[in-house]
Amino acid sequence: GATAIAASARAAAQPAAAPPADDSWSNALGPGVDSRPYGRPSRFEKDVVRRYVPWLSPTRDADASFTPLQDQPGIITSNGLFFERYHAGRPTIDPDRYRLMISGLVRKPLLLTLDQLMRFPSVSRIHFIECPANGATEWPAAQLNSLQLTHGMVGCALWTGVKLSTLLDEVGLLPEAKWLLASGSDGAHMDRSLPLEKCLDDCIVAYGQNGEAIRPEQGYPVRLVVPGWQGNVNIKWLRQLQLGKTPWITREETSEYSELLPSGKALGFTWVMDAKSVITFPCPEKPLTGGPGFYEIRGLAWSGRGRIKQVDVSLDGGVNYRRAKLDEPVLSKCLTRFTLPWRWDGKPALIQSRVTDETGYVQPTIAQKHKFWGNDPVYENNSIQTWQILASGAVNNVQIS
Amino acid sequence: GATAIAASARAAAQPAAAPPADDSWSNALGPGVDSRPYGRPSRFEKDVVRRYVPWLSPTRDADASFTPLQDQPGIITSNGLFFERYHAGRPTIDPDRYRLMISGLVRKPLLLTLDQLMRFPSVSRIHFIECPANGATEWPAAQLNSLQLTHGMVGCALWTGVKLSTLLDEVGLLPEAKWLLASGSDGAHMDRSLPLEKCLDDCIVAYGQNGEAIRPEQGYPVRLVVPGWQGNVNIKWLRQLQLGKTPWITREETSEYSELLPSGKALGFTWVMDAKSVITFPCPEKPLTGGPGFYEIRGLAWSGRGRIKQVDVSLDGGVNYRRAKLDEPVLSKCLTRFTLPWRWDGKPALIQSRVTDETGYVQPTIAQKHKFWGNDPVYENNSIQTWQILASGAVNNVQIS
Amino acid sequence: GTPVASTQAQDRAVWNAEGGAGHYKPAKPVGYYAIGTTPTPAEIAGWTIAIPPSGAGLPAGQGTAAQGETIYASNCAMCHGTFGQGKNGYPQLVGGVGSLASSAPAKTVGSYWPYATTVWDYINRAMPFYAPHTLKPDQVYALTAYLLNMNGIVHSGFVADATTLPAVKMPNRDGFIWKDPRPVTHNAACMTQCANPVTIKITSNAASMNLTPRLTGPVDHMKPGK
Amino acid sequence: GTPVASTQAQDRAVWNAEGGAGHYKPAKPVGYYAIGTTPTPAEIAGWTIAIPPSGAGLPAGQGTAAQGETIYASNCAMCHGTFGQGKNGYPQLVGGVGSLASSAPAKTVGSYWPYATTVWDYINRAMPFYAPHTLKPDQVYALTAYLLNMNGIVHSGFVADATTLPAVKMPNRDGFIWKDPRPVTHNAACMTQCANPVTIKITSNAASMNLTPRLTGPVDHMKPGK
Ligand code: HEC
Ligand code: HEC
Ligand SMILES: [Ca+2]
Ligand SMILES: [Ca+2]
Ligand SMILES: [Ca+2]
Ligand SMILES: [Ca+2]
Ligand SMILES: [Ca+2]
Ligand SMILES: [Ca+2]
Ligand SMILES: [Co+2]
Ligand SMILES: [Co+2]
């Protein structure tokens with residue numbers, strides 16, 4: 001009978017081959033298409049999550065969490081794993097009550113519901129967003145033994161929305177208008193001033209992220225995308241676009257996202273994220289587990305100034321470099337994937353990647369950064385990352401002279 | 001005191017402007033970065049889910065669910081919303097017990113663990129996967145009043161994995177080898193024969209999907225991606241690649257995924273998905289809600305034979321067409337987004353899109369399809385979709401002569 | 001009808017033309033990456049369950065329709081019906097010969113499947129639905145014999161085994177073609193006055209069909225036919 | 001020090017150069033899409049809370065340090081400390097003047113912020129942390145006066161209002177530059193013998209730092225300093 005057959009596992013008849021030739025999941029029905037209308041990762045992937053560094057902030061509401069880049073297999077960051085940066089936690093916004101105000105030095109101020117915003121002509125572009133504090137802990141020394149925590153404040157998504165220039169055309173810029181203030185509706189009312197030239201170039205008032213509505217973590221229902229510029233100017237939970245003559249000199253562009261130079265002078269408005277790359281395999285979280293032999297070195301490169309031209313990889317701490325292969329597509333202000341085949345001899349090694357972008361900018365070493373920027377900046381640590389490979393295959397985050 | 005201040009809502013002082021100028025979410029802290037290490041969509045998006053047509057199959061374990069294309073803002077399908085097609089439900093596979101067998105007419109058979117598979121050189125590509133039964137209900141007549149249910153058995157993702165040719169190089173093809181059998185470890189042990197030429201071209205043994213491990217619904221931990229070919233040959237939960245001289249003539253390539261022609265002959269091996277396009281806004285689920293005025297017509301186009309060359313949109317049931325704008329990037333065997341600005345006069349209209357791919361293939365009308373393929377096929381309905389716009393702004397799925 | 005051998009030869013000619021590696025040159029020598037292990041013959045045998053038309057790989061064992069009837073009654077009939085007629089939407093397995101060119105074709109094992117080896121293969125890998133790939137070879141042979149006999153393809157004394165099954169001539173073995181004969185390009189990218197507006201008529205409208213499940217709120221589990 | 005007016009003029013010169021639309025030509029005339037509504041002046045005023053250095057938009061109202069002290073004690077001190085010295089990692093608001101070029105710079109409202117209008121703006125929009133943007137204008141004026149007074153920038157009789165705040169000269173008003181003076185390109189794409197292997201030394205190794213939270217299993221909520 002039915003029970004008898006179900007109970008007599010074929011495995012018993014073919015012990016040499018099964019399991020795994022015929023593991024339990026092959027001899028049963030799984031859940032059907034009605035079981036989860038919105039899916040989730042396999043439960044075996046439960047450790048692939050955003051993580052944070054508890055000692056960086058006194059409160060989780062003004063803090064950051066990091067994308068697990070060691071488990072990101074391509075240029076797209078999963079919406080569930082895209083890094084977070086909050087200044088007052090994550091607001092829960094009712095899209096029916098959502099409004100976008102466009103006002104200030106414009107001919108015809110405008111108030112838009114979400115439905116109305118979505119009626120405007122739209123574009124869809126893949127861009128990275130990186131927090132300028134990505135790698136901040138690594139300025140003075142190699143401190144965190146983790147790719148996720150040294151480089152994970154970056155994510156890359158397909159953003160869909162209205163070009164900011166389309167909305168500015170619609171309201172009509174007055175000749176005196178030179179700056180735009182984007183502000184959010186989170187508790188921080190997070191706001192940043194942007195020069196009009198960038199606003200009219202490639203910025204997007206976005207409502208879509210990787211095939212669905214923007215996630216609450218990334219600004220649901222609407223955020224600003226300012227391609228290639230510091231994450232914090234990509235205002236989330238966008239409530240207002242205000243036009244003015246001069247910047248507003250908000251707390252975020254003075255106290256928070258300014259750089260104290262060695263001279264004691266403070267530098268505001270550093271905006272563009274310079275080119276950066278990092279090897280994502282191997283890395284501290286993903287050591288070489290199979291002993292000596294063939295491995296593929298993999299990594300990600302990006303530039304706030306345009307496309308990636310080349311990535312070079314060193315296996316000897318920067319003495320010699322080999323050209324890595326770039327994976328298609330290579331898009332502007334977008335993560336680019338690179339790979340290099342490597343036959344590991346089982347000896348210790350110091351591996352690095354170094355990107356050159358289409359402007360000719362070449363990613364600097366940490367020593368070069370220190371020379372020009374001082375030893376203790378906070379932001380825009382785009383220096384070359386060195387991973388130390390031990391004979392055991394373990395990988396450590398190190399800095400070298 | 002603190003409580004007094006928190007209680008005195010600013011809204012009371014500025015009734016004209018707030019809400020929504022200062023809605024509840026702006027006057028409080030939201031959850032912090034520790035609240036959900038793996039994120040999910042806003043609870044206001046709870047209706048954006050995969051749905052199925054209950055009368056299509058007697059059991060949810062051998063059934064399909066559909067991607068909500070009406071809510072997909074770009075070319076990437078969210079992993080949570082990617083359509084499902086099961087023949088025996090969704091297996092839950094332990095990645096540590098996972099094995100891939102490569103055997104048959106090869107010089108050196110190979111057994112790989114998941115870790116071992118991941119060591120091989122990898123590629124990352126954005127490709128659509130479409131079930132050939134997508135639109136099957138619409139062959140005889142317009143039957144389902146829904147974009148999701150007429151076109152939603154397609155999804156598009158960034159797939160990362162090993163080129164199938166890399167693995168075939170590693171095992172060494174014997175000269176007699178001409179076909180490959182890919183088989184899965186679900187209860188159906190789903191399997192399909194593939195000619196070697198396609199296997200050596202652009203197929204990927206994939207483990208990554210949009211920035212994370214492939215979802216259980218799409219084949220965790222490993223699936224085959226056969227770019228541009230019928231969804232069912234993209235074997236999920238891949239357990240074996242077997243090389244042989246002739247195809248295996250499995251039940252799936254005879255009884256299931258063959259086409260009964262009007263002559264009574266059965267057609268096997270139709271593989272390639274011809275070019276198709278559909279307007280995703282407006283559509284039955286997304287009517288024109290703002291009265292006459294400006295709208296942007298939006299849609300998706302794809303071809304199993306390569307890149308999209310152009311998409312033309314008709315607003316008068318196919319009498320006249322206008323060239324739509326293609327959104328970057330335009331990639332091979334990948335969804336391409338198109339848009340057309342439209343000032344709706346409030347009158348009824350019949351709207352359509354028609355794609356031409358780089359081979360010069362032009363998407364046919366349903367009448368043309370009927371002429372060559374008969375009136376009642378099951379698969380590969382890539383005919384031009386007509387949406388009827390009513391004066392109310394409501395949208396219906398219709399077929400026209 | 002056409003003799004078995006010549007039909008197989010016909011199919012094979014197309015398969016040979018379709019398959020093959022073209023002008024492929026391997027990028028690397030065999031074993032270049034030296035990753036993974038070489039499976040044992042027993043492991044390969046455990047994985048390799050697919051049975052092609054030649055019958056290669058069919059295991060030792062055998063079964064008759066009479067033996068199959070008992071197994072079918074307790075493990076299959078609840079879904080496919082006592083006479084293989086199908087039930088509650090589950091597939092019909094018997095009958096339908098001669099219906100394929102009609103307006104109501106019945107595609108069954110008997111009327112549609114070109115090779116008997118596929119019947120053995122599919123029952124072995126996928127049935128019974130709730131416990132796939134748990135039958136013993138003798139049981140699969142018996143069930144195959146029973147289905148072939150119910151379909152009138154073999155007589156009641158037929159013993160299904162590795163030799164007899166590949167030799168069975170299925171009713172529809174000549175019915176399959178393996179290369180799409182239909183024209184590929186059907187349309188022209190005409191831009192203006194492509195149709196006569198007067199002749200455009202709506203031939204069907206899904207709004208009046210009453211077949212669409214609810215599209216908002218929780219997923220609609222409406223019963224077939226509502 | 002530099003007079004207020006001339007410093008502002010310096011900043012403004014950079015801001016003018018940085019801002020602006022370049023040679024932009026609108027793609028469509030104003031109102032082309034005719035979507036959305038024109039907000040009322042009251043609505044615009046409700047949304048528009050940002051206060052630039054000019055003080056434009058500061059509301060009617062006023063406040064003194066003495067008034068601010070009371071509000072601060074019950075709503076702010078628990079996080080920022082009774083004397084604005086910071087607490088448990090929450091920001092220090094007072095002190096630090098002269099420390100900016102040192103190895104332990106203290107960036108506070110007093111030592112770092114270039115404009116007093118920003119203090120008003122930020123307290124108004126973002127504080128108190130647990131109930132942001134709920135203070136009344138008088139309360140914000142009072143708290144601003146209190147913070148400026150604690151920092152020794154204004155005397156205890158100072159009345160903060162729409163006129164007095166923009167005129168306050170902050171200690172670090174000359175300290176901000178708005179255009180990056182650092183060289184952009186630091187490296188060369190050298191391919192061979194780019195460094196002397198002998199001089200390469202590991203200068204730091206995160207493995208020995210003991211600062212990394214657990215990277216597998218549930219998210220690690222380790223306390224600062226573990
Ligand atoms: C619980 C229900 C159920 C039981 C019991 C069951 N089947 Fe099936 N059978 C199915 C379903 C559902 C399918 C179609 C699966 C698909 O579409 O992928 C199927 C398909 C088949 C097919 C292919 C039909 C076709 O035309 O493609 C055969 C042959 C078959 N079953 C034989 C059997 C045999 C023999 C048994 C008993 C050993 C059995 N089935 C028991 C549900 C069942
Ligand atoms: C529950 C804790 C808490 C309370 C109460 C609180 N703050 Fe804050 N405050 C913070 C945090 C956290 C930040 C930093 C926010 C960020 O980084 O985005 C901050 C930042 C500030 C800053 C900017 C500091 C800088 O240098 O950038 C000022 C000024 C400030 N608070 C003033 C106040 C005032 C005035 C009150 C009372 C009305 C107050 N705070 C109440 C937690 C608090
Ligand atoms: Ca089930
Ligand atoms: Ca801070
Ligand atoms: Ca910069
Ligand atoms: Ca909170
Ligand atoms: Ca079926
Ligand atoms: Ca085809
Ligand atoms: Co099995
Ligand atoms: Co507010």
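Since the structure is predicted, the reported quantities are computational estimates derived from the model, not experimental observations. Lettering follows sequence order; numbering is per chain, from 1.
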Tell me whether the count of non-hydrogen atoms from other residues, nucleotides or ligands lying under 6.0 Å of [atom1] in [X] goes above 12.
| X | atom1 | value |
| --- | --- | --- |
| A:Lys245 | NZ | no |
| D:Phe83 | CZ | no |
| A:Glu176 | CD | yes |

From [X] atom [atom1] to [Y] atom [atom2], the distance as rounded to the nearest 0.5 Å:
| X | Y | atom1 | atom2 | result |
| --- | --- | --- | --- | --- |
| D:Ile49 | A:Trp248 | CD1 | CH2 | 13.0 Å |
| A:Lys198 | D:Glu18 | NZ | CD | 13.0 Å |
| A:Glu252 | D:Asp121 | CD | CG | 9.5 Å |
| A:His189 | D:Tyr122 | NE2 | OH | 11.5 Å |
| D:Ile177 | A:Leu261 | CD1 | CG | 5.0 Å |
| A:Leu200 | D:Lys25 | CG | NZ | 12.0 Å |

Is [X] close to chain D through its backbone or its side chain, or both, or neither, when contacts mean heavy atoms under 4.5 Å?
| X | answer |
| --- | --- |
| A:Asn397 | both |
| A:Ile384 | side chain |
| A:Arg322 | backbone |
| A:Leu149 | side chain |
| A:Leu350 | side chain |
| A:Thr250 | backbone |
| A:Arg354 | side chain |
| A:Lys265 | both |
| A:Ser146 | both |
| A:Ser258 | both |
| A:Gln70 | neither |
| A:Glu170 | both |
| A:Glu138 | neither |
| A:Val49 | side chain |

Of the backbone (N, CA, C, O) and the side chain (C-beta and beyond), which part of [X] lies under 4.5 Å from a heavy atom of chain A, both, or neither?
| X | answer |
| --- | --- |
| D:Ala188 | backbone |
| D:Lys107 | side chain |
| D:Tyr90 | both |

So, for [X] and [Y], which heavy atoms are closest and what is the spacing to 0.1 Å?
| X | Y | result |
| --- | --- | --- |
| D:Pro105 | A:Leu260 | CB-CD2, 3.4 Å |
| A:Asp191 | D:Ala50 | OD2-CB, 4.2 Å |
| D:Gly36 | A:Leu112 | CA-CD2, 3.6 Å |
| A:Trp373 | D:Pro183 | NE1-O, 4.3 Å |

Which one, [options], leads in non-hydrogen pairs under 4.5 Å with chain A?
| options | result |
| --- | --- |
| D:Pro132, D:Pro114, D:Ala207, D:Ala27 | D:Ala207 |
| D:Ala101, D:Gly19, D:Ser204 | D:Ser204 |
| D:Ala126, D:Ala21, D:Cys190 | D:Cys190 |
| D:Ile200, D:Asn196, D:Val219 | D:Ile200 |
| D:Gly20, D:Gly89, D:Ala195, D:Pro52 | D:Gly20 |
| D:His23, D:Arg182, D:Lys87 | D:Arg182 |

Indicate whether any N or O donor in one side chain lies under 3.5 Å from an N or O acceptor in the other, for A:Thr166 and D:Tyr33.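 Distance-only check fails for A:Thr166 and D:Tyr33.
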Donor-acceptor contact below 3.5 Å, side chain [X] vs main chain [Y]:
| X | Y | answer |
| --- | --- | --- |
| D:Asn187 | A:Gln363 | yes |
| D:Trp47 | A:Ser103 | no |
| A:Trp55 | D:Leu211 | yes |
| D:Thr38 | A:Lys108 | no |
| A:Ser401 | D:Thr203 | no |

Does the pair D:Tyr24 and A:Asp169 meet the rule for a side-chain hydrogen bond (donor to acceptor under 3.5 Å, both in side chains), with working shown? CA-CA 10 Å; D:Tyr24 182 73; A:Asp169 287 355; 2.5 Å; yes
